[in-house]
Asker: 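Before I ask anything, here is the structure I am working with.
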Protein chains: 2
Amino acid sequence: MLKSTPPTAENSGDEPARGDSARGPASLHDEILGRLRDYIVEGNLEAGDRVPERELCEMLGISRTPLREALKVLAAEGLLELLPNRGARVRGLSAQDLIELFDVMGGLEALAGRLACEAITDDEIAEIEKLHYDMYSCYVRRDMHGYFRFNQLIHQKIVAAARNGALASTYSAMTSRLRRARFTANTSRSRDRWSEAMREHEEILDALRRRAGPELGEILFQHLRNKRSAVTSKAEDQES
Amino acid sequence: MLKSTPPTAENSGDEPARGDSARGPASLHDEILGRLRDYIVEGNLEAGDRVPERELCEMLGISRTPLREALKVLAAEGLLELLPNRGARVRGLSAQDLIELFDVMGGLEALAGRLACEAITDDEIAEIEKLHYDMYSCYVRRDMHGYFRFNQLIHQKIVAAARNGALASTYSAMTSRLRRARFTANTSRSRDRWSEAMREHEEILDALRRRAGPELGEILFQHLRNKRSAVTSKAEDQES
DNA sequence: TCAAGAAATAATGAATGCATTATTGCCGAC
DNA sequence: GTCGGCAATAATGCATTCATTATTTCTTGA
């Protein structure tokens, strides 16, 4: 049984604009695609679950054709896997998948940082500074939820400042795949990681202010590498 | 009118394995997807052309449903664009698109080089060395066609050596989008670029031998940056 | 009682049909 | 002769239907 109806907005909340097909849902297929993606990314379906076409069709009030078109796209994005004659299943993330995805994110963020330094305006830097201090304030208050929110916004702003739509959409796709895994980093070791991450963000902001592209790229890559280590080292605890 | 029937193999020739859905065509949809992608990448449809569903269906001997599913996926990959109630069109590459794609390729190749140095075996390095010398031999013979072939193989090998499926499939998608644009670099200035590229490849091989990951990444990024400049500076000549 | 096999049921994959929208061709007006 | 509007045609988007495959359930035998 499904848990709740998929959201009705094509891009809910703070989700970054999807690079290539950004503007409103032109066709029914497009709208279904966005809603289904959100539905899956938000974790309404467990990893390994088969996707119930019938129920989703009734829930969305559509026929199977546009739904199945969306499933094919989501499979191409890596969120689902298609088993022959057995339909679509929610693709789980193995430890190896996590490593790979974090590394790719590192490469993309490094690129974003480098490009951003070539194009970013003073205003944009000021915005990121503000987000940085908001995030810091969450850090000292131990508000992990808020911290993550600002953290994501900062990285999104950097990607946006890179002025590269192809990068933005690729980054967004990777983010979707990773977001299904909620990393409730609450172990004792993760507190050390938290302060370390905060220090790294100081460096990020500093390099950005100086518009030191290659240096910022390197910092961001290492930032993601460290995040990767923190996540995969405690992957044995829980994975969903 | 269409030019010839789409290829029947799902991955013709030296195309790298598509990361996520690598193994043989499980469903009809999958096979159609591969054949259509090759058909488009090989330039059988002009940029801006609308994709004739009817003809393609007859040509492939299938109904519109699996074809349209494939079109949706190809649109998500960036090869096509879907206009509401006006079907799919082959997406052309603007100068801005070229810049963006080359930069993303630079970021991905930089990452690939870095990761490759962490995992590559001596045998793989030897293979790449061989390809490098084959490529050099083409260079001295002014065999541009052969040069490009070996060039691509080298870059593919580096990506493969990175041992990262997510990277491989992302890279493959970008390659597909770029391959539609045939860069027959035959201007007078491009000869200078050619020798410059050859020198850069010497550096690539050198850094790879030393397994100097970050250095190799930097070289590869600049390599792509230079390629980008060479291509976009003469973008006014011809674009297809 | 349990296991193995067969029938019944449901789900998937693909084809076809229908309503809507775009495109083309034609006619008349200026 | 050309421009603008209207009908005819074709194409698209989605729903529905059909065949095939998987899954469940029921039966039968040990």
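The chains referred to below are lettered A, B, ... by the order of the sequence lines, with proteins before strands, and numbering in each begins at 1.
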Asker: If you apply the rule side-chain hydrogen bond (donor to acceptor under 3.5 Å, both in side chains), what do you find for Gln156(A) with Tyr171(A), and how did you get there?
Answerer: CA-CA 9 Å; Gln156(A) 276 174 28; Tyr171(A) 180 83; over 6 Å; no
Asker: Within the 4.0 Å heavy-atom criterion, would you say Ile32(A) contacts the bases, only the backbone, or no part of the nucleic acid?
Answerer: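 Touches nothing.
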Asker: Using heavy-atom distances to pick each residue's nearest nucleotide on DNA chain D, tell me which of Glu53(B) and Arg89(A) is more 5'.
Answerer: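 The 5'-side residue here is Glu53(B).
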Asker: Starting from the first five and the last five pairs of the helix from dT1(C)-dA30(D) to dC30(C)-dG1(D), work out the angle between the resulting helix axes, to 10 degrees.
Answerer: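 Computed from the C1' atoms at both ends, the axes differ by 0°.
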Asker: Quick check on DNA chain D: between Arg86(A) and Thr65(A), whose nearest nucleotide comes earlier from the 5' end?
Answerer: Thr65(A)
Asker: Please classify the nucleic acid contact of Arg50(B) as base, sugar-phosphate, or nothing, using heavy-atom distances under 4.0 Å.
Answerer: sugar-phosphate
Asker: Not counting sequence neighbours, which residues clear side-chain hydrogen bond (donor to acceptor under 3.5 Å, both in side chains) with His29(A)? List them please.
Answerer: none
Asker: Applying a 4.0 Å non-hydrogen cut-off, can you work out what Arg54(A) is touching in the nucleic acid: base, sugar-phosphate, or nothing?
Answerer: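 Sugar-phosphate contact only.
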Asker: In whole Å, I'd like the distance from the CZ atom of Arg68(A) to the C1' atom of dT12(C).
Answerer: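 To the nearest whole Å, that distance equals 6 Å.
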Asker: Between atom CG in Leu67(A) and atom C1' in dA11(C), what is the gap in whole Å?
Answerer: 13 Å
Asker: Is the distance from OP1 or OP2 of dT16(C) to the nearest side-chain N or O of Arg64(B) less than 4.0 Å?
Answerer: no
Asker: Would you tell me whether His155(B) and Glu109(B) have side-chain atoms, one donor and one acceptor, within less than 3.5 Å of each other?
Answerer: yes
Asker: So where does chain B start and stop touching DNA chain D, 5' to 3', when the test is distance under 4.0 Å to a non-hydrogen atom?
Answerer: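 That gives a stretch of dA11(D) to dG13(D).
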Asker: Quick one: do Met135(B) and Ile154(B) satisfy side chain to side chain contact (heavy atoms under 4.5 Å, CB included)? Show the steps, please.
Answerer: CA-CA 9 Å; Met135(B) 184 177 77; Ile154(B) 288 171; 3.9 Å; yes
Asker: Among side-chain atoms of Ser94(B) and Asp97(B), is any donor-acceptor pair under 3.5 angstrom?
Answerer: yes
Asker: Measure the CG-CZ distance between Asp103(A) and Arg228(A) for me, rounded to the nearest 0.5 Å.
Answerer: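 Answer for the CG-CZ pair, Asp103(A) versus Arg228(A), is 4.5 Å.
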Asker: Kindly determine whether Arg35(B) and Tyr39(B) satisfy side chain to side chain contact (heavy atoms under 4.5 Å, CB included), including the steps that lead there.
Answerer: CA-CA 6 Å; Arg35(B) 287 172 66 175; Tyr39(B) 188 72; over 6 Å; no
Asker: If I take atom CG from residue Leu108(B) and atom CE from residue Met105(B), how far apart are they, to the nearest 0.5 angstrom?
Answerer: 7.0 Å
Asker: Does a salt bridge link Glu127(A) with Lys157(A), judged by any charged N lying under 4.0 Å from a carboxylate O?
Answerer: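 Looking at Glu127(A) and Lys157(A), the cut-off is met.
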Asker: With a non-hydrogen cut-off below 4.0 angstrom, is Leu71(B) in contact with a base, only sugar-phosphate, or nothing?
Answerer: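 Here Leu71(B) touches no strand at all.
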